[in-house]
Amino acid sequence: MAEDESRISIAKTFRVKPKLRPTSNKATPTPESKFWKSFKIPKDIEFTPSKSVIYPITSIAFSPIAPHDFAATHSANISIFSGKTLEPKSTIASAFADSATSAAFRCDGKLLAAGDLTGTVHVFDAKSRTHLRRLKCHSAAARLVRYPRADDKFHLFSGGDDSVVKYWDVTTETCLFNLLGHKDYVRCGDASPVSDDMFASGSYDHKVRIWDVRVSNSGSVMELNHEKPVESVLYLPSGGLIATAGGNFVKIWDVIGGGKLLYSMESHNKTVTSLCIGKIGKESGEEAQQYRILSVSLDGYMKVFDYAKFKITHSMRFPNPLLSVGFSPDCSTRVIGTTNGTFYVGRRKTKLESDGPGDVVGLGDVEVDPERRVIRPTYFRYFHRGQNTKPSEGDYLITRPRKLKFAVHDKLLKKFRHKEALVAALSGKNTENVVAVMEELVARKKLLKCVSNLDEEELGLLLGFLQKYSTMPRYAGFLMRFTEKVVEMRADDIKSSDQLRGNIRNLKRDVEEEIRIQQSMQEIQGIISPMLRIAARR
Amino acid sequence: MITGGKSFVSSPPAFSNDAKRMLVCTGNTLSIFSTSTGLQISELEGHGAPVTSVIVVPASTPASKVLCHCWTASLDGKIRFWDFMAPELIRTIDIGFPIHSMVIPSLLSQPTERKGKSLDLFAYIYIEAERQKEGQPNSSSGQIRKCNLTKSRLAGGVSLAETHKPGCITISPSGEYIGICETRRLRIWEIPTKDSDNAIYKKIRLHHTKTFTTLAFHPTERVVAAGDVTGRILLWRGVGHRTFSTSDKFISGGFSKDAEERPGVRGNDDADSCTTWHWHSAEVNVLFFSSDGAYLFSGGREGVFVVWQLDTGKKKFLPRIGSPLLYFTNSSDPSLSSISCANNRIHLLRMPSMEILRSISGIKLPSSVSDIYEESGSGVVFDHTAGLVAIPTDNYSVQFYSLFNDREISEVQICERNHQPGDEVMVKVNLVALSRDGSTMGTVETRLPEEKIGGLVSLKFWACGSQNKDFSLSTVIYEPHRGASVSSIAFHPTCNMAITSSYGGDFKIWVRMHDTHLKDQMLQSSGWRCHAVGSYKKRPMTAAAFSADGSVLAVAAENVVTLWDPDQNILVAVIGDTLEPISTLSFVGKSTFLVSASRGSNPQLTVWSMSKLSISWSYKLHVEDITCSLDGSTFAVLALLPETSECVESTEATLQGVDGAILLFNVENPFPLATWFASKAQGGRLSFLQTSPKLEDEVADVKPAHGLLAYMNRNYEYVLFNSYGEQGHNQSVTRQQNSSNLEEKEKIGYASIYGELAELSEEKNQTRIPYIQYEKNWETIFSGPSHKLAPLTKLCLDFLDSSLERRAVTVE
């Protein structure tokens with residue numbers, strides 16, 4: 001019966017609605033992409049281009065120790081940024097004779113090492129910036145400097161354009177081993193997260209070699225063929241998998257399983273320049289505390305790759321070619337460096353930060369509420385009792401039918417005051433609504449009548465709108481013809497008014513601009529269509 | 001044979017004396033609806049042509065309220081007297097002329113007059129008679145005649161008026177006056193209180209400059225209201241002072257009044273004053289005075305019901321009824337009235353508050369305006385399995401109507417737009433298609449452009465929610481074929497695939513996408529995407545059909561049929577050449593034949609053999625619709641009879657406006673298996689229906705392969721018959737029992753507080769008999785306020801008494 005009742009209602013009234021926009025396949029973002037989008041440029045810190053550097057940012061390294069300061073190399077400098085405020089803390093400039101490369105923090109975060117293009121590897125105190133050691137042995141640019149990641153504080157390894165990987169004792173500034181095997185520039189490498197003695201290096205000879213300093217004299221332990229000059233090598237947190245980047249693709253290798261290729265992710269369009277490990281730092285949810293590979297490329301995309309499911313879970317575009325990427329171990333900061341020296345710093349708001357000093361202040365004894373008084377019929381509240389009662393679990397809720405809100409133009413349309421409705425919509429801000437009202441007027445066959453009834457001021461409003469939107473592709477089909485008709489109908493009024501003539505001049509300019517665009521589009525189409533024809537024939 | 005889809009609003013309905021039933025003229029029958037449920041209770045069958053008037057004999061005394069008698073008049077020239085509760089026919093009077101309207105004044109006048117000697121009962125009928133004078137034998141005219149119902153004959157030679165066209169007679173609530181509208185005149189007669197065969201009538205005329213549409217009499221005073229085509233309501237006061245009040249003439253000095261003292265009265269009309277109210281923007285169809293005479297109800301084409309306060313002219317509105325109003329009827333219960341709307345709905349109103357209690361709705365009638373923009377058929381489609389029909393309506397929705405139950409199932413709003421009945425049709429739902437299982441619907445709506453601005457075609461796909469056919473919008477595609485309009489939609493028989501063909505020269509295959517890879521997410525979006533686009537020599541694509549297994553897609557490109565592989569979108573073959581563009585395509589069941597129809601000056605019905613890729617056989621027939629049985633190799637076509645002289649020979653066809661024929665063919669054989677004649681075939685639809693599982697029990701002898709054939713004519717009246725039975729007379733299919741027990745008992749007194757009393761088991765024997773006189777004893781014992789109730793001992797006695805009585809009845 002209830003269903004019957006609802007059907008009986010007299011003709012419903014509807015609002016004027018704009019046309020629907022096409023929705024993308026992923027109408028609602030997945031929780032994961034929400035997480036990656038939540039890295040926003042903090043408002044209090046400005047990384048305007050003026051503040052950033054002008055040279056390519058070749059590497060970014062995060063300190064493993066809280067507050068996770070990070071260092072970035074660009075030209076002959078290393079800039080160290082505070083992990084807390086993201087402000088540049090200090091710059092090491094004087095030590096380098098040439099461009100600095102490959103910054104790396106020691107596992108306790110106290111020392112910072114970097115190479116330069118002369119072949120020297122420099123070691124600094126991360127806090128005082130004191131230049132502690134110079135390791136000079138490479139005969140060409142040192143492009144790879146890494147500390148072992150686990151526990152070893154005395155050694156580091158480096159690789160250079162002389163295609164040699166060197167293992168150093170830092171304290172004595174001596175090179176312990178020269179690891180030979182690569183046949184081209186060594187440009188990248190990574191230390192194993194589980195063992196102090198193992199590390200990998202990648203070279204432009206398309207090979208990734210894995211070294212074990214315990215068996216150093218027998219060459220590399222394993223050799224992986226990436227098939228493109230290797231730009232970046234990354235040990236994944238388990239220590240059993242290695243990701244390598246080079247060319248347009250990223251490959252995942254199983255090191256324990258004898259160097260088997262597991263997957264090749266080919267979704268970048270240009271050379272992948274850098275990889276780093278990202279972690280979803282959420283407390284709850286399906287993906288919480290899972291690791292991802294962040295890859296950046298010269299095509300301006302940063303992609304997030306889930307190497308458990310072999311699936312790209314998020315992708316983000318930046319306006320510049322990207323060179324380096326870093327992700328703080330506490331999952332709060334993501335830094336990307338570009339070829340023109342711009343940093344894209346994203347910081348995620350964490351709850352720990354927000355509730356800092358709030359609850360520190362104690363108020364002593366908080367007064368307990370006076371006992372709930374029994375409501376008697378003498379109180380006014382007696383007659384209102386029960387109105388604020390919350391429904392319990394199993395209650396069936398009868399909601400009040402929601403009242404449809406009508407905009408001004410809807411109300412006017414309901415009263416058949418067509419011209420006023422059009423003017424009301426035009427003076428509103430929402431373009432879609434204006435077009436929707438116009439379409440509704442067409443459906444009532446009243447649009448042209450409305451136009452002929454507009455006075456000068458309202459006509460100016462209409463022409464202003466048409467000038468702005470008639471060349472927008474979404475509305476052009478409708479508005480172009482309408483504009484034509486309006487100009488045709490109200491030609492006399494337009495001639496007589498200066499302001500309207502100004503409107504028409506603007507309109508004319510926009511139309512000419514649009515025609516120019518259309519012409520160049522047609523040219524492009526002319527170029528493309530034979531190619532498509534040929535492609536279809538194959 | 002099941003018929004249905006009749007118009008409920010062809011003539012004014014009537015309430016029974018207890019206001020619990022409503023008598024509605026539905027075609028040749030009179031249907032009785034319950035006002036408490038809005039469902040049909042029974043039907044009075046007997047007339048051979050549409051019933052035009054129904055008059056319930058009013059109850060003069062409370063005792064006679066039980067009597068449920070009514071008079072009906074019909075176009076077949078018969079007046080019948082019924083007991084509509086029994087229901088049985090009591091008397092029939094043959095007049096011989098088609099009756100368009102009938103009133104019986106003496107039923108309404110005071111019964112005291114009739115006391116003593118029983119006077120004859122006279123009816124005034126508006127008949128369609130042939131005009132002899134003009135010399136043109138076929139020109140018909142309207143005549144108001146008097147009929148002596150007691151003696152069953154026309155009163156000798158009395159003809160009150162002759163008009164060009166028969167219309168409707170209006171009678172005053174007291175039965176004193178009758179009146180008609182005749183173009184720009186109102187003609188009013190006074191009925192003598194002692195009516196006899198040759199009474200003398202006093203008559204007056206009232207004039208106006210516009211054509212009248214309706215008139216109404218005030219219940220007590222001499223006030224007449226009339227509406228005209230421009231929406232004005234004219235109100236004459238003191239009508240007929242000079243003519244009618246002869247007994248006390250010269251007392252009021254009415255004759256001496258000058259023209260200036262009679263404001264608004266035209267010429268020499270007999271009225272004191274005339275006022276005009278103009279609120280309605282279009283013609284006024286409904287005028288009615290409230291029973292106390294204080295209010296005037298009016299309604300018209302714009303679908304707003306207006307209540308005027310008679311003295312002040314103040315208005316109250318019931319807006320947005322959504323359809324032109326046609327009739328207003330009041331009942332003996334002052335709180336219950338009804339308005340009939342042009343969209344085949346009767347709304348029951350609770351009166352002072354003007355709130356719609358319930359609606360009795362039939363198939364929404366096609367609007368006459370929409371025929372102008374007809375492109376391909378009327379858009380009516382059948383749901384073969386559920387026995388439903390989907391009809392696009394004026395208010396941008398699709399109505400689902402059950403053919404077996406003859407009642408509305410649901411209505412789906414296709415385009416969210418306010419419908420204004422008076423407006424020109426600028427937005428229209430052109431095409432509707434249902435997938436074979438009925439779970440998906442595709443619709444195409446067209447917005448017509450205003451001076452080439454803003455035309456829009458949008459294609460929508462709908463998904464069915466549950467059993468009740470409540471479709472929800474799945475996908476909207478604006479301009480599916482750029483600017484071109486869509487000629488047809490067809491669904492793949494098994495998978496989620498659809499095709500739209502357009503006059504713009506291409507067709508598109510749409511598939512439903514499921515985001516299966518997101519199965520772990522909560523997201524389960526599904527929408528229809530374009531899968532492929534095809535065209536053949538840029539020719540307009542006029543029709544499309546899938547084969548029974550869905551492996552072949554046939555698309556008609558004007559004169560040829562192109563066959564495609566729908567999955568790969570590869571052109572497989574091109575067959576044939578017809579003289580005119582093909583308008584309909586259909587695969588015949590699971591056989592290898594394709595049947596096509598083309599209209600125009602060289603209409604053609606062609607059967608193509610898919611195995612030979614050639615014409616099998618063809619006819620020169622103007623085919624309106626084709627339907628194919630789903631698994632057999634038969635198909636039926638609805639063909640219009642040619643208007644040439646050769647068919648005049650068959651006397652059958654010339655009878656009663658028969659203009660079409662339904663032919664049943666087997667594909668192998670060009671000789672029709674069966675033929676039926678049909679009327680109003682232009683714009684009609686035809687479809688095979690699968691026998692619904694409920695019917696299967698009753699019709700066990702019907703082979704499952706032979707479905708029912710449903711034919712729906714231009715006015716959406718339909719008939720279901722067994723295509724293999726004898727010439728339309730097949731008793732094996734009966735309508736599902738939907739009468740008798742549907743009436744909802746009103747709970748009063750005891751039952752309203754404590755619920756129904758447990759029924760005694762013996763009563764079950766009685767429920768078998770329909771329409772048993774309803775025993776009120778149970779409820780009335782305990783009704784009334786508690787302080788007025790009889791003492792318990794007496795109540796108890798009564799209560800037991802009544803149950804004892806019942807038992808005695810059943811024992812007999």
Side-chain angles (χ1 to χ4, degrees), chain A residues 1 3-17 19-33 286-287 309 311 410 413-416 435-436 438-451 474-475 477-486 488-489, chain B residues 37-38 281 303 318-323 345 347-348 355-359 361 395-396 408 410-411 413 415-421 423-427 447-456 458 468 470 473 475-479 482-483 513 515 517-518 520-523 525 527 529 744:
Chain A
M1 206 62 215
E3 173 199 307
D4 261 3
E5 295 292 343
S6 67
R7 222 198 301 145
I8 280 158
S9 62
I10 324 173
K12 267 193 270 178
T13 45
F14 299 103
R15 276 181 295 184
V16 172
K17 274 188 208 137
K19 276 194 219 168
L20 298 173
R21 283 171 177 276
T23 49
S24 69
N25 201 7
K26 283 172 190 161
T28 51
T30 58
E32 182 164 346
S33 66
E286 209 182 322
E287 294 93 1
K309 289 177 183 158
K311 202 168 77 175
D410 281 320
L413 279 175
K414 222 173 129 188
K415 291 174 183 160
F416 305 99
V435 178
M438 285 176 177
E439 280 171 350
E440 172 65 26
L441 288 174
V442 165
R444 297 184 183 190
K445 230 175 180 178
K446 294 288 186 308
L447 183 59
L448 296 184
K449 188 124 195 165
C450 284
V451 171
R474 196 163 137 73
Y475 311 118
F478 173 65
L479 289 183
M480 279 292 193
R481 282 187 201 145
F482 179 50
T483 312
E484 204 179 317
K485 206 86 197 176
V486 169
E488 195 178 292
M489 281 173 72
Chain B
T37 59
S281 60
L318 174 65
R320 300 205 173 273
I321 296 171
S323 181
R345 264 170 199 252
H347 297 292
L348 296 173
E355 116 192 48
I356 290 185
L357 282 175
R358 205 153 277 111
S359 296
S361 60
N395 58 345
Y396 325 115
E408 185 191 66
S410 67
E411 201 173 305
Q413 189 79 31
C415 170
E416 294 208 336
R417 199 174 165 257
N418 298 329
H419 172 63
Q420 190 55 35
D423 279 359
E424 205 173 325
V425 177
M426 295 288 283
V427 181
R447 279 171 183 255
L448 297 171
E450 180 188 11
E451 309 225 348
K452 294 178 183 167
I453 302 172
L456 178 71
S458 33
N468 209 11
D470 46 348
L473 185 59
T475 311
V476 186
I477 299 141
Y478 297 112
E479 308 207 317
R482 304 204 167 203
M513 304 293 282
D515 287 344
H517 67 273
L518 285 172
D520 48 341
Q521 316 283 340
M522 63 284 176
L523 194 75
S525 71
R529 303 281 162 78
E744 192 184 70

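What's counted below: heavy atoms across the whole structure, side chains too, no hydrogens, waters or symmetry copies. Each chain gets a letter, A, B and so on, in the order the sequences are listed, and its residues count up from 1.
Summarising the local packing, CZ of B:Arg482 is surrounded by 12 or fewer heavy atoms from other residues, nucleotides or ligands at distances under 6.0 Å.
Taking the side chain as every heavy atom from C-beta outward, B:Ile453 and A:Lys485 approach each other to under 4.5 Å. By the 4.5 Å heavy-atom criterion applied to side chains, B:Arg417 and A:Glu439 are not counted as neighbours. At a threshold of 4.5 Å between non-hydrogen side-chain atoms, the residues A:Lys446 and B:Met426 do not count as touching.
Using a 4.5 Å cut-off between heavy atoms, A:Glu484 does not touch chain B at all. Proximity to chain A is absent for every atom of B:Glu355, based on heavy atoms less than 4.5 angstrom apart. Only the backbone of A:Leu441 comes within contact range of chain B, judged by heavy atoms closer than 4.5 Å. Only the side chain of B:Leu456 comes within contact range of chain A, with at least one heavy atom under 4.5 Å from a heavy atom of that chain.
The pair B:Glu416-A:Lys17 counts as a salt bridge, with a side-chain nitrogen and a carboxylate oxygen less than 4.0 angstrom apart.
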So A:Leu448 and B:Glu451, side chain to side chain contact (heavy atoms under 4.5 Å, CB included) or not? Walk me through it. CA-CA 9 Å; A:Leu448 296 184; B:Glu451 309 225 348; 3.4 Å; yes

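Applying the side-chain hydrogen bond (donor to acceptor under 3.5 Å, both in side chains) rule to B:Glu450 yields no partners; only residues at least two apart in sequence or on another chain are considered.
When each of A:Lys414, A:Arg481, A:Lys19 is scored by its heavy-atom pairs under 4.5 Å with chain B, the top score falls to A:Lys19.
Considering every non-hydrogen atom in both B:Val427 and A:Ala443, the closest pair reads CG2-CB, 3.8 Å.
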